[in-house]
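Since the structure comes first, as structure tokens, the remarks are kept for the end.
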Amino acid sequence: MNKIDTHCLLCAKLLKDPISWTTLLTKRFQPTICEKCSARFENSQSATALYQYNNAMKEYLHQYKFLQDVALAKVFRQELYNRFKREKATIIPIPMHPLKQKERTFSHMEELLKAANIPYSQLLEKTTTETQSVKNREERMQVAPLFCLKEGAYVEHKEYLLFDDIKTTGTTLQHATEILVNAGAKSVQCFTLING
């Protein structure tokens, strides 16, 4: 079969990936980064995250979120697909405040799921534009509620799974969990791309 020439989304090195019947007939995405860049990401030892926070991940997040490089949503699509393809719980990505989303031009959590072809629902709305990453642990623990239910949203008595980019203190996920549980969720699990 023919080869397709593409470039690593992180270092621009030429990627040559043969198209195979396996790729065409199974849910196998074409690689978007080279093996050298891939090796820089450290797998998480936690069952609730894919990766550990390190310098490679710091650079990735900066380019993806703050430099608005939406193409980078594809970098972890195979790993996310493998993790979520049999997930029975309804997946809810942690939302951005509408003003922040307008500023960044896309929802980074939703784009990660879209790139991996993972269905999700959005029942939550962010109530503040404040960023948790600039606060210390004590300030994060004392923060007012970060979320509310979206207007018209209905939380069924079933399992939900919250998906966020990074977990540091867990405050964001805790706030979102409380909103869903108080609204009638049967259970709420959490999963993150990165363990901080």
Side-chain angles (χ1 to χ4, degrees), residues 6-18 22-23 26-87 89 91-96 100 104 106-120 131-141 146 160-177 188-196:
T6 54
H7 293 83
C8 174
L9 292 176
L10 298 177
C11 73
K13 178 184 173 186
L14 186 65
L15 297 175
K16 290 199 176 193
D17 189 56
T22 306
T23 306
T26 63
K27 199 60 172 181
R28 200 76 204 142
F29 295 101
Q30 293 289 329
T32 56
I33 61 173
C34 67
E35 287 181 15
K36 187 176 178 183
C37 285
S38 181
R40 294 182 63 217
F41 297 109
E42 184 184 340
N43 289 328
S44 174
Q45 302 307 307
S46 165
T48 59
L50 283 179
Y51 296 98
Q52 281 299 120
Y53 187 72
N54 63 7
N55 281 335
M57 197 55 81
K58 181 180 180 182
E59 291 166 15
Y60 167 81
L61 286 177
H62 179 73
Q63 188 174 341
Y64 177 49
K65 290 168 67 172
F66 302 106
L67 300 183
Q68 301 167 346
D69 193 347
V70 72
L72 295 188
K74 296 177 181 176
V75 169
F76 303 113
R77 64 186 175 177
Q78 188 67 58
E79 293 81 359
L80 289 171
Y81 176 79
N82 292 345
R83 166 57 183 86
F84 288 134
K85 64 184 174 185
R86 291 188 181 88
E87 182 58 57
I91 297 169
I92 301 176
I94 291 293
M96 298 173 75
K100 282 278 187 191
R104 287 206 188 144
F106 64 93
S107 166
H108 61 286
M109 297 313 302
E110 290 181 17
E111 290 300 325
L112 288 170
L113 293 171
K114 285 179 193 172
N117 292 332
I118 301 298
Y120 64 89
T131 306
Q132 295 303 299
S133 60
V134 298
K135 297 179 178 179
N136 65 35
R137 184 178 178 84
E138 193 175 313
E139 289 171 331
R140 289 180 199 191
M141 303 309 263
L146 301 173
Y160 291 92
L161 186 144
L162 289 167
F163 176 54
D164 203 2
D165 55 356
I166 186 166
K167 178 183 177 184
T168 46
T169 62
T171 304
T172 300
L173 293 166
Q174 181 187 333
H175 279 240
T177 297
V188 181
Q189 302 297 317
C190 300
F191 189 80
T192 56
L193 179 65
I194 309 151
N195 197 11

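Note that the structure is predicted; figures quoted are calculated from it, not measured.
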Discussion item. As an exercise, state the distance from CD of Q52 to OG of S46, rounded to the nearest 0.5 Å.
Written reply: 7.5 Å
Item to complete: Count the heavy atoms belonging to other residues, nucleotides or ligands that lie under 6.0 Å from NZ of K85, then report whether that count exceeds 12.
Response: yes
Practice prompt. With rounding to the nearest 0.5 Å, note down the distance linking SG in C34 to NE2 in H7.
Written response: 11.5 Å
Worksheet item: Are L72 and L9 close enough, and set up right, to give a side chain to side chain contact (heavy atoms under 4.5 Å, CB included), and what steps lead you there?
Response: CA-CA 7 Å; L72 295 188; L9 292 176; 3.6 Å; yes
Fill in: M109/D164 under side chain to side chain contact (heavy atoms under 4.5 Å, CB included): CA gap, chis, key distance, verdict
CA-CA 7 Å; M109 297 313 302; D164 203 2; 4.1 Å; yes
Item to complete: Find the distance between CD1 (I118) and CG (L113) and round it off to the nearest 0.5 Å.
Response: 7.0 Å
Worksheet entry | Main-chain N/O of H108 paired to Y64 side chain as donor or acceptor, under 3.5 Å | yes
Worksheet item: Can you tell me how far CG of L67 sits from CZ of R104, rounded to the nearest 0.5 angstrom?
Response: 10.5 Å
Discussion item. Could you tell me if the side chain of L61 sits less than 4.5 Å from the side chain of F66, heavy atoms only?
Written reply: no
Worksheet item: Taking all non-hydrogen atoms of both residues, which atom of A73 and which atom of L112 are closest, and how far apart?
Response: O-CD2, 3.7 Å
Fill in: Distance in Å, R83 CZ paired with L80 CG, rounded so as to fall on 0.5 Å steps
9.5 Å
Discussion item. Show, in sequence, the C-alpha distance, side-chain angles and deciding distance for V188 and L162, and conclude whether the side chain to side chain contact (heavy atoms under 4.5 Å, CB included) test is met.
Written reply: CA-CA 7 Å; V188 181; L162 289 167; 3.7 Å; yes
Discussion item. Let's go through L193 and Y51 carefully: what are the C-alpha distance in whole Å and the side-chain angles of both, what is the deciding distance for side chain to side chain contact (heavy atoms under 4.5 Å, CB included) to 0.1 Å, and is it a yes or a no?
Written reply: CA-CA 6 Å; L193 179 65; Y51 296 98; 4.2 Å; yes
Worksheet, complete the sentence: For residues 52-81, the salt bridge (charged side-chain N to carboxylate O under 4.0 Å, His left out) pairs (sequence neighbours left out) are R40-E59, K65-D165
Worksheet item: Has the side chain of Q78 got a donor or acceptor atom that lies under 3.5 Å from a matching backbone atom of F29?
Response: yes
Item to complete: Please tell me if the side chains of L161 and E87 come closer than 4.5 Å, counting only heavy atoms from C-beta onward.
Response: yes
Item to complete: Check the surroundings of atom CD in E111: do more than 12 heavy atoms from other residues, nucleotides or ligands lie under 6.0 Å from it?
Response: yes
Item to complete: Describe, in one word, how the ring planes of F76 and F41 are oriented to each other, choosing from parallel (under 30°), tilted (30 to 60°) and perpendicular (over 60°).
Response: perpendicular
Worksheet item: Given F84 and Y120, is the ring pair (Phe, Tyr, Trp, His ring centres under 6.0 Å) satisfied, shown in steps?
Response: CA-CA 10 Å; F84 288 134; Y120 64 89; over 10 Å; no
Discussion item. Quick one: does any side-chain atom of H175 pair with a main-chain N or O of L146 as donor and acceptor, under 3.5 Å?
Written reply: yes
Worksheet item: So, the side chain of T177 versus the backbone of L173: is there a donor-acceptor pair under 3.5 Å, distance only?
Response: yes
Fill in: Nearest-0.5 Å distance that lies between atom NZ in K114 and atom OG in S107
7.5 Å
Practice prompt. Identify the two heavy atoms, one from T171 and one from T169, that lie closest to each other, and give their separation to 0.1 Å.
Written response: OG1-OG1, 2.8 Å
Fill in: Note, Y60 side chain near V75 side chain (heavy atom, < 4.5 Å)
yes
Worksheet, complete the sentence: Closest heavy-atom pair, I94 versus A176, reported as atoms and distance to 0.1 Å, is CD1-CB, 3.7 Å
